[in-house]
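Right, one structure below, let's go through it.
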Protein chains: 2
Amino acid sequence: MKKKKGQVSTLRSVDRAIAILKAFSEEEPELGVTELSQRLELPKSTVYRLLASLQRGGLVDQDPETEKYRLGIELVRLAGLVLKQIDVRQIARPYLHSLAETSEETVNLTVLTGDGKVINIDGIPSPRMVRNVGWIGREMLPHCISSGKVLLAYLPQQQLERILAKGLPRFTDKTITDPVRLQEELNQVRQQGYAVAQEELEVGLSAVAAPIRNHEGTVIAVISVSGPSFRLSEKISELAQLTKRTADEISYQLGYTG
Amino acid sequence: MKKKKGQVSTLRSVDRAIAILKAFSEEEPELGVTELSQRLELPKSTVYRLLASLQRGGLVDQDPETEKYRLGIELVRLAGLVLKQIDVRQIARPYLHSLAETSEETVNLTVLTGDGKVINIDGIPSPRMVRNVGWIGREMLPHCISSGKVLLAYLPQQQLERILAKGLPRFTDKTITDPVRLQEELNQVRQQGYAVAQEELEVGLSAVAAPIRNHEGTVIAVISVSGPSFRLSEKISELAQLTKRTADEISYQLGYTG
DNA sequence: GCTCATATTTCACATTGTGGAACAACGTTC
DNA sequence: GAACGTTGTTCCACAATGTGAAATATGAGC
């Protein structure tokens, strides 16, 4: 049984730095070294050095006139990342349902993890008995699935090359394992605005995927429809248009108007 | 000449913890221990303990299914404090201008500092030649100025008592130095919704102030009008109503509808 | 110029933070 | 079911960084 994080040892100086951040409130947005020292029962020199780190990191600022400290704007940027993740899931959820009903196939919402893999963060399974089971929370290699192809297509080139350098394992006869061939495939994804993967990960499994953009146009997630090839083969183009339209609607909700 | 914070020594472990926070991005909202270790060129055990502190503090969370880390919701709360401060100044600014034009006196925006003092964070000077000069950034004791009385009036009782326990220095014959008398004064402020200070800080100086509330009704700042007593004495009531109405308009802009 | 309060720096000291290694857990393959 | 690989988690010997009391710097008020 795993210990809760409350039980593992933490770093006292990091704990103290976080306590400083939490000392600020709406009623008391500005605090000085001495006040923080008294409030947190720490020596002033300790508080001073902690503030130096927080300030260098942008998590607090010092007002040059009053010498008081306040929370820094970098917190707004970091918090924006949190809110954006919450936003995507919540905003996308009804569209996933809608697309699953219309297509009668499994629909997933996918993002990149940090190490060049992709992961489903939400999904609606197909109502049919024959369907691919939910893969929420499980990481996958991106080169052989439609959502992965979309995410790779819109990565900065350097990051893409780093991922390709790790190799492209073969899963079926149809898996693309040649980096040059994959780059061509990604060019096509950019051109047509969606990706298709037919039996590249698993025999009998096909999917389409389209990019979801934020207000700046950055691709931050992907919506995909997947199912057995015997059902999807004949309606791939139709599903691609439907998925692309749904992705555009979600992007619009996120502030993308391009 | 003071050193910039970039030049003073900081705490390496706090710097590292902040580097972990900054490693997350919109494109890569989920990162694992090993990925962070590689990205930041730190041993996994070091990253693990840093994450333990950040997680206990709520600045990151671990997804139990994927074991990946993401930025935590506490960042949203802290960032909210930053935005609220920015909001108050920006939202209030045009109202300060308007009140300065209408009253033809100096108008200030005031908040509490952590140690029981108050400070002006914005202000519009009177257009007249005879006026009190700007006191932006300078701390004052609250008991003898109108904006201080408002802020004290809406403090939690414990916090108020802690401040009163520090003593009430006399500045003029009219300064209130008796805590019982001040409590009565603060009761009156709560009843009438504004405060008056006439020559309590300085002979010849008078002011009125009214509370600015956030969407929850919490008093977070104060707007005040001040000037020489020979001008203000006869129009104190009128200025009080004008100031109170301006404060209410700002409060409404901040979401207060009560 | 003196006093006071707060911010900032110094320095001797030791506690906490370090990081390599080991272990645990889990999924995949055979 | 065993073996393997990968990642998360824990352990432990060690020392570097963090500590905090004291000193110094700074600026405002008188």
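So that the names make sense, note that chain A is the first sequence line, chain B the second, and so on, each numbered from 1. Here the structure is a predicted model, which means the values were calculated and not measured.
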Under 4.0 angstrom between [X] side-chain N/O and [N] OP1 or OP2:
X	N	answer
B:Ser45	D:dT9	no
B:Gln55	D:dT9	no
B:Arg49	D:dG8	no
A:Ser13	D:dG18	no

Whole-Å distance separating the [atom1] atom of [X] from the [atom2] atom of [N]:
X	N	atom1	atom2	result
B:Glu67	D:dT10	CD	C1'	15 Å
B:Arg16	C:dT16	CZ	P	18 Å
B:Lys68	D:dT6	NZ	P	14 Å
B:Tyr48	C:dA25	OH	C1'	12 Å
B:Leu11	C:dT15	CG	P	18 Å

Look only at the side chain of A:Glu199 and the backbone of A:Gly204, and say whether a donor-acceptor pair between them is shorter than 3.5 Å.
yes
Looking at B:Phe171, is its backbone amide N or carbonyl O close enough to the side chain of B:Thr175 to form a donor-acceptor pair, meaning the two atoms are under 3.5 Å apart?
yes
Pairing donors with acceptors under 3.5 angstrom, does anything connect the side chains of A:Ser147 and A:Ser224?
no
Could you tell me which residues satisfy side-chain hydrogen bond (donor to acceptor under 3.5 Å, both in side chains) with B:Arg170, sequence neighbours excluded, listed by chain and number?
B:Thr177
Could you tell me whether A:Thr34 contacts a base, only the sugar-phosphate backbone, or nothing, with contacts defined as non-hydrogen atoms closer than 4.0 Å?
sugar-phosphate
Computed from five pairs at either end and rounded to 10 degrees, the angle between the axes of the helix from C:dG1-D:dC30 to C:dC30-D:dG1 is 40°
The criterion is salt bridge (Lys or Arg N to Asp or Glu O under 4.0 Å); which residues satisfy it with B:Glu185, sequence neighbours excluded?
B:Lys149, B:Arg181
What one should report as the nearest heavy-atom pair of A:Glu105 and A:Ser226 is CB-O, 3.5 Å
Which nucleotide in the list C:dG19, C:dT8, D:dT9 gets nearest to the side chain of A:Tyr69?
C:dT8
Does B:Phe171 or B:Lys44 map to a spot on DNA chain D nearer the 5' end, using the closest nucleotide for each?
B:Lys44
